[in-house]
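Here is the structure we will look at.
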Amino acid sequence: MRIRRDKRDQLAARGMEPYAIGLPITTTIAAVRAAHPDLEADVATGEKVGIAGRVIFQRNTGKLCFATLRAGDGTEIQAMLSLASVGEEALQSWKDLVDIGDHVFVAGEVITSKRGELSVMADEWRMASKSLRPLPVAHKPLNEETRVRQRYVDLIVRPEAQKVARTRVEVLASVRRSMSERGFLEIETPMLQTLHGGAAARPFVTHSNAFDIDLFLRIAPELFLKRAVVGGLERVFEVNRNFRNEGADRTHSPEFTMLEFYAQYLDYRDVARITRELYQEAAQSAIGSLTVDHPDGTVLDLSGEWPEIDLFESLSEAIGEEITPETPREHLVMLCDQQDIAFHPTAVAGKLAEELFEHYVVPTLVNPVFVMDYPVDTSPLVRGHRTKAGVVEKWDLYINRMESGTGYSELVDPVIQRERLVEQASLADRGDDEAMHLDEDFLRAMEHGMPPMGGVGVGVDRMLMALTGLGIRETILFPLVKPGQS
RNA sequence: GGGGCGCUAGCUCAAUGGUUAGAGCUGCGGACUUUUAAUCCGUAGGUUCCGGGUUCGAGUCCCGGGCGCCCUACCA
């Protein structure tokens with residue numbers, strides 16, 4: 001650090017700017033590479049360029065210096081500085097003052113070296129940004145903590161980190177494209193809410209000084225998106241952050257990115273199809289394939305139609321006895337106890353059935369599957385099933401043994417909705433801090449006539465996980481980390 | 001929440017309770033006009049995560065704390 005600071009000062013002393021702006025850059029490394037895909041060794045093209053990049057390797061010999069410059073997109077090119085073309089003073093400055101990690105500008109002719117490496121033979125060089133801290137040694141894996149805490153370093157030295165960051169960009173762009181093509185409007189709804197609703201989760205609480213009230217960071221945008229549909233924005237979506245004050249592990253982050261979309265007059269099967277298409281289009285544009293290979297050897301096949309299984313039927317089959325929405329709570333408790341499945345003491349029968357499902361069936365769900373028709377008592381915002389008793393028109397999408405999305409035929413009857421929410425509110429009063437509170441304004445919106453609609457929530461981070469096989473903290477560029485000692 | 005493992009030089013890692021905590025790469029000085037993780041010679045580099053304790057002696061053992069990873073549970 002101290003030595004590099006001295007070099008920074010030396011640059012100024014020799015009349016060079018250590019952080020130069022307005023450099024005469026004429027092209028990119030990628031463009032030079034693309035223009036000269038397969039030159040023979042030891043060729044001079046006569047083409048003059050000005051390029052800049054970060055020094056990633058250096059090989060300084062006596063009168064001829066080599067450096068590998070890398071751009072953010074991972075493309076690299078070699079810079080060569082010879083005594084003959086830059087002169088003694090510039091060559092000496094280069095050897096004295098350039099370190100691995102510096103951004104440098106090089107202007108000169110595009111050539112290939114005697115070993116065939118595409119290079120720029122410099123006529124001049126300039127410092128673009130003097131790096132004061134050394135880069136970690138290349139070719140040795142950084143430990144996971146440093147990668148997450150200093151993602152900027154991770155991105156410099158590990159091309160895979162770049163790739164993941166760019167895959168996320170591509171997935172988000174693809175999702176927005178797919179939604180737009182189907183007539184959905186991207187809208188923004190409140191992150192700061194006076195009541196949290198739309199999901200069952202513990203919220204983060206903050207305080208507004210101006211209004212002198214406590215506010216919640218949203219756990220879901222659902223109730224506002226539905227209000228927008230009431231208002232005649234017939235198809236809406238939002239891709240943005242939700243915040244849940246709960247556990248963090250390989251598949252959960254306190255802030256995570258969620259896609260929600262709602263479309264009037266569609267039902268849960270219609271939106272399931274759209275969800276599958278979204279996924280397939282995102283996979284195609286982000287990784288170029290509907291077959292995904294994970295580092296752990298898992299292979300996901302996202303192609304074609306995705307199968308549907310019935311929650312209670314598949315559970316009954318797995319257990320070997322019939323389980324229905326009418327199966328008494330006591331019996332489900334007994335089945336859970338047999339398998340040492342833990343559950344919350346106040347859990348309702350439907351919740352227990354879902355616990356059993358997670359234990360028996362979920363571990364087998366690698367390729368995408370829509371799990372259909374959930375118990376009514378765990379789904380307060382979903383419409384009752386049109387033919388089956390005790391269940392609602394809801395699916396969960398499982399990919400790679402992970403819940404990756406959920407879709408409903410939304411409940412739009414304000415009278416039934418009020419009954420369900422009152423029931424939830426009484427749960428909240430009894431100490432279930434994840435139950436929903438009564439949102440009178442939401443009910444008021446419904447009472448103005450909410451069109452029948454299908455709605456979906458898809459975890460975008462989990463999309464990235466499915467497409468890369470990585471943990472959630474690798475798919476998020478800057479995940480929350482506890483402050484360290486220093 | 002419970003259990004396990006880890007934290008030592010810029011990075012990746014060594015070090016039976018016992019000399020002055022080592023190695024590779026990085027860095028620094030030098031040689032070299034075709035190198036590719038360049039090579040060769042020389043050299044520097046430490047609050048062993050923090051705080052206590054046991055001991056003649058602690059990176060190592062004990063207690064407390066911090067941070068991370070894995071497993072497990074919880075979180076519809």
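All values derive from a computational prediction rather than experimental measurement. Quick note: numbers below take in every heavy atom, side chains included, and nothing from hydrogens, waters or symmetry partners. Numbered from 1 within each chain, the chains take letters A, B, ... in sequence-line order.
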Sugar-phosphate only, base, or nothing, as touched by A/Gln58 at under 4.0 Å among non-hydrogen atoms: sugar-phosphate
Integer angstrom distance from the C1' of B/rU48 to that of B/rU60: 10 Å
Distance below 4.0 Å between A/Arg473 side-chain N/O and B/rC69 OP1 or OP2: yes
Selected nucleotide, minimal atom distance to A/Phe57 side chain, candidates B/rA37, B/rC75, B/rG68: B/rA37
Sugar-phosphate, base or nothing in reach of A/Asp99, heavy atoms under 4.0 Å: sugar-phosphate
Among B/rC28, B/rA38, B/rU34, the nucleotide that comes nearest once only the side chain of A/Met121 is considered: B/rU34
A/Glu322, CD: over 12 other non-hydrogen atoms inside 6.0 angstrom: no
Span that lies between the P atom of B/rG18 and that of B/rC74, in whole angstrom: 45 Å
Partner nucleotide of B/rA9 by Watson-Crick or wobble geometry (both distances under 3.5 Å): none
Base partner of B/rG64, which must satisfy Watson-Crick or wobble distances under 3.5 Å: B/rC50
B/rC13 versus B/rG51 - spacing of their C1' atoms, nearest Å: 27 Å
Nucleotide forming a Watson-Crick or wobble pair with B/rG27, both distances under 3.5 Å: B/rU43
Minimum-distance nucleotide (side-chain atoms of A/Lys63 versus B/rC28, B/rC32, B/rC69): B/rC32
Base partner of B/rA73, which must satisfy Watson-Crick or wobble distances under 3.5 Å: none
Touch class at under 4.0 angstrom, heavy-atom based, for A/Asp42 against every strand present: nothing
Close aromatic pair by centroid cut-off 6.0 Å: A/Tyr374 and A/Trp395: no
Given B/rG27, B/rG68, B/rU36, the nucleotide with the shortest approach to the side chain of A/Ser113: B/rU36
